[in-house]
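Have a look at the structure below before the remarks.
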Protein chains: 2
Amino acid sequence: MRRDVFQAIADPIRREIIELLATETLSVNEVAEKFEISRPAISKHLKILNECGIIDFNQIGRERLCLIQPQKLIPAFLWIKQYHKLWEDRIDSFENYIYQIQTKNDKK
Amino acid sequence: MRRDVFQAIADPIRREIIELLATETLSVNEVAEKFEISRPAISKHLKILNECGIIDFNQIGRERLCLIQPQKLIPAFLWIKQYHKLWEDRIDSFENYIYQIQTKNDKK
DNA sequence: TATAAGAGTAACCGTTCGGTTACGCAAATT
DNA sequence: AATTTGCGTAACCGAACGGTTACTCTTATA
């Protein structure tokens, strides 16, 4: 059972949960109400998010509030960011290519 | 069969393949040699990466060169980046908190 | 005190995942 | 022409995924 940030954000429902919790803190039931799937299914998704630290629970009476811990996304962010330079260079060279074509056309 | 960037980079072997191909273009066999698992397994991973556009193939005779298309990572990058502000604010407020404690101690 | 509400969990189920071995086929080499 | 090399793919397998329903427990409410 792999349990890391990459695997956590691979599921579209879990990404939606993160999006929800980024704007407001919700209880488990409040999260579940936003989706078509059953509450236990949501409970499982929340458990996975909790196991890799992306959310924390704050128990208030019989309710559990889900708090996002966005800094847990940083490793995934940094991994992708490595390639930022790579794709920026590509885009740059594409722009250069376009520029050269335009220059060539101008010369005609 | 979901096939998107998030799912593609969820697997650690596929991330390693991306890391390899970011520095050099390799043939399918050359990629496979870098791993413990079988060549067909690598072939499957490459197929998945290709299906979501992260790599392209360039057939040269009987060899297939794997070319990375890093710009295909941009959507995932942007998705995580949304929360950049969120975790920066958290870190800022943590720093403020530390600052306040230090200030308090200074006053003592 | 009986009942309702919030939420975890177990048991189950079909599908997907990630690996294997075995095979086939085209291109290169001998 | 025969053989080796590069690589895709099919068939298979066990494990993990993502969902369900049914049950339980605790806390709040009537």
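By convention in this document, chain letters (A, B, ...) are assigned in the order of the sequence lines, proteins followed by strands, and residues within each chain are numbered from 1. Side-chain atoms are counted along with the backbone in the values below, which use heavy atoms only and exclude waters and symmetry mates. A quick note: this is a predicted structure, and the numbers were derived from the prediction, not measured.
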| message | List the residues meeting side-chain contact (heavy atoms from CB on, under 4.5 Å) with Pro12(B), not counting sequence neighbours, and say none if there are none. | response | Arg2(A), Arg15(B)

| Restricting to pairs with a member in residues 27-80 of chain B, which pass ring pair (Phe, Tyr, Trp, His ring centres under 6.0 Å), not counting sequence neighbours? | Phe77(A)-Phe77(B), His84(A)-Phe77(B), Trp87(A)-Phe77(B), Phe6(B)-Trp79(B), Trp79(B)-Tyr83(B)

| request: Taking only the side-chain nitrogens and oxygens of Gln7(A), find out if one of them lies under 4.0 Å from OP1 or OP2 of dC17(D). | output: yes

| query | So which of Leu46(A), Ile18(A), Leu21(A) actually passes side-chain contact (heavy atoms from CB on, under 4.5 Å) with Ile54(A)? | reply | Ile18(A)

| task | Report yes if a side-chain nitrogen or oxygen of Arg39(A) is closer than 4.0 Å to either non-bridging phosphate oxygen (OP1 or OP2) of dT20(D); otherwise report no. | result | no

| request: Please work out which residues in residues 56-66 of chain B have a non-hydrogen atom less than 4.0 Å from an atom of DNA chain C and list them by number. | output: Gly61(B), Arg62(B)

| note | Of the listed dG19(D), dG18(C), dA22(D), the closest approach to the Lys44(B) side chain comes from dG18(C)

| said: Over all strands shown, is Lys47(A) touching base, sugar-phosphate only, or nothing at heavy-atom distances under 4.0 angstrom? | reply: sugar-phosphate

| field | 5'-most by nearest nucleotide on DNA chain D - Arg14(A) or Pro40(B) | value | Pro40(B)

| Who pairs with Asn50(A) by side chain to side chain donor-acceptor pair (under 3.5 Å), at least two apart in sequence or on another chain? | none

| request: Specify the separation, in whole Å, of atom CG of Leu49(A) and atom P of dC17(D). | output: 13 Å

| note | Residues of residues 22-35 of chain B with a heavy atom under 4.0 Å from any atom of DNA chain C, listed by number, are none

| Spacing of Glu51(B) atom CD relative to dG8(D) atom C1', expressed in whole Å | 13 Å

| OP1 or OP2 of dG8(D) less than 4.0 angstrom from a side-chain nitrogen or oxygen of Ser43(B), does that happen here? | yes

| message | Tell me the closest heavy-atom pair linking Ala32(A) and Ile42(A), and the distance in Å. | response | CA-CG1, 3.8 Å

| task | Grab the CG-P distance between Leu46(B) and dG6(D) for me, whole Å please. | result | 15 Å

| query | Which residue pairs pass the salt bridge (charged side-chain N to carboxylate O under 4.0 Å, His left out) test with at least one member in residues 65-78 of chain A, sequence neighbours excluded? | reply | none

| field | Nearest-Å distance for atom pair CD1/P, residues Ile48(A) and dA16(D) | value | 13 Å

| Expressed in angstrom and rounded to an integer, what is the separation of Arg3(A) atom CZ from dA16(D) atom C1'? | 9 Å

| Which residue pairs pass the side-chain hydrogen bond (donor to acceptor under 3.5 Å, both in side chains) test when at least one of the two sits in residues 23-35 of chain A, sequence neighbours left out? | Ser27(A)-Glu30(A)

| query | Starting at CG of Asp11(B) and ending at C1' of dA15(D), how long is that distance when rounded to a whole Å? | reply | 14 Å

| Does a side-chain N or O from Ser38(B) land closer than 4.0 Å to OP1 or OP2 of dG19(C), or not? | no

Return all side-chain donor-acceptor pairs below 3.5 angstrom for residues 60-68 of chain B, not counting sequence neighbours, or 'none' if the list is empty.
unit_1	atom_1	unit_2	atom_2	d
Arg64(B)	NE	Gln59(B)	OE1	3.3

| Residues forming a side-chain contact (heavy atoms from CB on, under 4.5 Å) with Ile48(B), sequence neighbours excluded | Arg3(B), Gln7(B), Arg14(B)

| query | Is any side-chain N or O of His45(B) closer than 4.0 Å to OP1 or OP2 of dC17(C)? | reply | no

